[in-house]
2 protein chains.
Amino acid sequence: MKKNQIIDILESGQVGAEITVKGWVRTRRGSKNVSFIALNDGSTINNLQVVADAENFGEEILKHINTGAAIAATGKLVESTGSGQSVELQAGKIEIIGKADPDKYPIQPKRHSLEFLREVAHLRPRTATYSAIFRIRHKLIFAIHNFFNERGFYNIHTPIVTSSDAEGAGEMFRVTTLPMNDLPKTEEGQIDYSEDFFGKSTNLTVSGQLEGELFAMAMSRIYTFGPTFRAENSNTSRHLAEFWMIEPEVAFFDLNDNMDLAEEFLQYLIRYALDNCMDDLQFLSKRLQEEEKNKPADQRSMELIEKLRFVADNEFVRLTYTEAIDILKNSKQNKKGKFQYPIKGFGTDLQSEHERYLVEKKFQKPLILTDYPKEIKAFYMRMNDDNKTVAAMDVLFPQIGEIIGGSQREERLDVLESRMEEMNIPADEMQWYLDTRRFGGCQHAGFGLGFERLVLFVTGMGNIRDVIPFPRTPKNCEF
Amino acid sequence: MKKNQIIDILESGQVGAEITVKGWVRTRRGSKNVSFIALNDGSTINNLQVVADAENFGEEILKHINTGAAIAATGKLVESTGSGQSVELQAGKIEIIGKADPDKYPIQPKRHSLEFLREVAHLRPRTATYSAIFRIRHKLIFAIHNFFNERGFYNIHTPIVTSSDAEGAGEMFRVTTLPMNDLPKTEEGQIDYSEDFFGKSTNLTVSGQLEGELFAMAMSRIYTFGPTFRAENSNTSRHLAEFWMIEPEVAFFDLNDNMDLAEEFLQYLIRYALDNCMDDLQFLSKRLQEEEKNKPADQRSMELIEKLRFVADNEFVRLTYTEAIDILKNSKQNKKGKFQYPIKGFGTDLQSEHERYLVEKKFQKPLILTDYPKEIKAFYMRMNDDNKTVAAMDVLFPQIGEIIGGSQREERLDVLESRMEEMNIPADEMQWYLDTRRFGGCQHAGFGLGFERLVLFVTGMGNIRDVIPFPRTPKNCEF
């Protein structure tokens with residue numbers, strides 16, 4: 001494919017070359033004699049300045065060169081003095097490809113609120129902020145595949161529609177083709193799911209982990225990267241009904257190996273963004289600083305790039321849940337009653353306020369908390385010898401809170417079966433899962449990374465609806 | 001991460017080194033004095049031979065070294081004479097990690113039918129055939145991201161749950177959280193979807209194309225790679241209810257650019273497999289040749305690797321639909337009435353038998369057919385000047401048939417609107433899509449590649465259920 005995008009022209013365009021460039025007008029300014037058009041094609045945050053002398057272009061052309069219009073400009077690349085870039089285009093010819101009536105086009109060259117832009121989510125990638133976010137999102141996707149591929153992991157597409165509802169990770173969406181106005185019934189008057197498309201009741205997956213484990217027990221190192229779903233009525237800036245998750249699973253791994261992998265993974269991804277997205281990060285950093293000006297000085301967050309470097313370069317703190325509870329219990333915060341949920345002792349589920357205290361106040365570093373009480377964790381996590389805690393781990397990040405949750409898995413069939421019984425997990429529907437413990441079972445571990453939380457962290461954005469192309473939340477499924 | 005997988009040991013293991021290796025037993029054979037264990041960890045098709053002298057290991061250990069058992073073997077790497085590999089492990093210590101009772105473990109060292117293995121899909125990646133397929137599947141996933149990333153494309157995660165049902169690409173699955181036993185009704189007695197999770201009726205996506213177009217109109221070059229769904233009651237070896245699709249979409253592209261991209265893309269992927277999966281391909285090629293022995297000589301297909309090289313190295317034939325119809329109409333096949341669906345002339349929809357005739361008999365090369373009658377193609381395809389055909393393209397492969405379908409998109413608002421009216425597409429629900437034509441619209445094009453069809457082609461497998469981890473088909477949603 002031809003290298004004729006604006007990113008290529010700005011990086012390696014030769015002064016004197018005759019080129020044609022196509023893109024969308026970001027702004028046009030100038031005088032009666034000359035127009036300066038900031039042209040962008042989404043390949044980079046940077047615009048190519050197109051200089052159009054009025055003597056070459058009649059009003060018939062110029063009046064259509066409005067924000068949002070698609071144009072093709074042909075001319076000579078010349079050294080730039082004013083545009084902030086090394087080259088600019090001295091236009092000999094301009095073709096109006098697609099107009100954008102400034103009275104109707106919603107995105108004008110002024111500051112729009114993010115709330116407004118969410119309502120025109122089909123047009124928002126045409127703004128500098130969102131195109132920067134989605135370029136970074138792409139680069140992180142690529143970095144994830146790169147990281148695992150280099151390390152001998154195989155990407156497994158676990159199923160989206162599933163009949164398994166045993167994990168208990170959250171409320172699920174039903175998938176059905178039954179006629180809603182005329183549901184088939186059994187003789188007992190129950191809905192007859194044997195007539196549904198899959199011959200049984202089916203849902204959207206909440207996690208690919210259990211299926212991932214099956215493949216780890218065959219191919220040793222695997223990862224999933226796909227959409228997952230929660231039908232929870234959470235209208236917060238941290239929750240989506242549809243989000244993407246990455247779940248590595250590794251045979252012969254214990255909890256320490258798992259922590260090492262999670263830390264190496266996150267640092268790799270952040271370093272990759274620093275190495276490959278600096279223009280976009282600088283733009284988002286400035287944006288964030290503008291926004292933070294309105295906050296009191298002591299509530300402003302660390303500058304974006306500095307924050308990313310800090311996380312990429314510093315070892316994460318590792319701490320057991322029990323140690324964390326001790327620290328929290330004895331903190332001034334707790335003693336002065338400043339936590340909304342006071343820490344009573346072992347067994348308390350940690351709230352966001354506690355996690356933030358540990359990460360942002362106490363350690364000022366990402367944290368890996370391990371060995372949680374069995375009561376507050378899932379059935380498949382490996383029981384520790386104390387019979388009270390399980391080999392779980394959560395990675396906590398500043399601002400974001402939990403970014404990774406994982407564990408060593410219970411590989412002992414008898415222990416797993418009795419945990420399932422305790423927690424009312426129907427074992428008869430899970431025989432396929434138990435088979436991995438019955439036949440050639442082994443120590444193994446894995447974790448889940450919520451992709452949008454990572455993108456939030458790297459872009460410095462505050463609302464998860466702004467880092468996914470078309471957010472799905474309660475009562476919202478537009479586009 | 002440590003490089004201690006069998007693929008690393010076989011590639012760069014040093015004779016004399018003391019190592020520990022973990023994996024699953026494929027077979028054990030030998031004599032009273034010595035056991036030869038073929039150990040595999042899924043990292044490669046090749047086994048590491050572990051040699052266990054009876055004098056070092058009692059019957060208590062050896063009796064558990066059965067097919068499927070997980071073991072750890074520690075010992076010295078020595079030059080191999082008999083195993084077909086350069087090195088083998090002279091075991092000093094063997095630990096049984098997870099047993100596999102040969103009376104119960106379903107996968108035994110004999111030839112199992114693919115049908116049987118589909119029933120134990122949770123265990124089938126432990127076989128040589130399926131682990132080869134899923135390693136190739138991974139490498140193709142990686143190659144896809146690599147191809148686009150190198151060419152300045154951004155990966156966009158288009159939504160899975162959607163309220164848009166306008167494309168008409170096929171039957172859809174409903175997504176709902178309404179209580180099926182007590183559906184809320186409106187005053188008119190209709191089901192009240194305003195009470196559903198998203199406040200309206202929602203479905204699983206059939207394609208990310210329309211949302212992809214929105215992003216191409218902002219970022220120029222984008223691609224999607226995600227699951228798509230068809231609620232069609234097709235129980236064939238070519239159809240799945242849930243499958244993965246790749247959909248690039250490019251601004252300022254016409255049909256010719258689109259054909260060039262599709263051809264470059266497919267050839268890149270096949271070459272990537274040849275360069276990176278040769279061991280697995282050789283295994284699958286042998287498997288295929290075994291299977292084909294039962295067929296009459298003239299019905300056997302080309303050897304797998306030869307076939308892949310042939311497609312990677314030869315230009316695709318490009319032909320209009322009208323030309324193809326002429327060829328088919330005048331073919332002996334047609335004149336002798338050997339087509340099940342006789343070719344009458346312009347307007348006939350091509351069936352699989354026609355596509356195979358063109359690809360396998362007439363041209364013996366992949367084919368790109370273009371400019372189909374508007375009646376048999378989707379509303380968004382660009383109308384040609386003849387007003388009879390649209391700028392569509394299908395890429396046809398030997399054995400597989402259609403592997404890619406795409407088009408230049410209709411960018412002219414008035415033409416698009418009148419096409420939508422003709423085809424009863426509700427324009428009022430599609431204003432967001434039409435906005436891309438209203439504001440800064442431009443010529444653009446894209447296509448969709450059904451990922452499993454590609455994996456079928458590259459692995460030489462015959463049934464699409466064998467190239468996806470957990471196939472979803474009518475009445476089948478296990479695991």
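Every chain is numbered from 1, with letters handed out A, B, ... down the list of sequences. Quick caveat: nothing in here was measured; it's all calculated off a predicted structure.
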* Structure fact -> Per side-chain contact (heavy atoms from CB on, under 4.5 Å), Phe173(A) is matched among Thr205(A), Leu204(A), Val161(A), Thr202(A) by Leu204(A)

Hey, which of [options] has the most heavy atom pairs under 4.5 Å with chain B?
| options | result |
| --- | --- |
| Ile7(A), Val25(A), Leu261(A), Asn146(A) | Asn146(A) |
| Glu213(A), Lys99(A), Arg135(A), Arg124(A) | Arg135(A) |
| Asp435(A), Leu413(A), Asn233(A), Val120(A) | Asp435(A) |
| Ser131(A), Ala69(A), Gly23(A), Gly226(A) | Gly23(A) |

* Using 4.0 Å as the upper bound for N to carboxylate O, is an ion pair formed by Lys22(B) and Glu95(B)? -> no

Taking the ring of [Y] and the ring of [X], is the distance between their centroids below 6.0 Å?
| X | Y | answer |
| --- | --- | --- |
| His157(B) | Phe225(A) | yes |
| Tyr433(A) | His122(B) | no |
| Phe148(A) | Phe265(A) | yes |
| Phe134(A) | Phe215(B) | yes |

Choice from [options] maximising heavy atom contacts with chain A below 4.5 Å:
| options | result |
| --- | --- |
| Gln190(B), Glu264(B), Met217(B), Arg438(B) | Met217(B) |
| Glu211(B), Arg151(B), Arg437(B) | Glu211(B) |
| Ala70(B), Gly98(B), Cys477(B) | Cys477(B) |

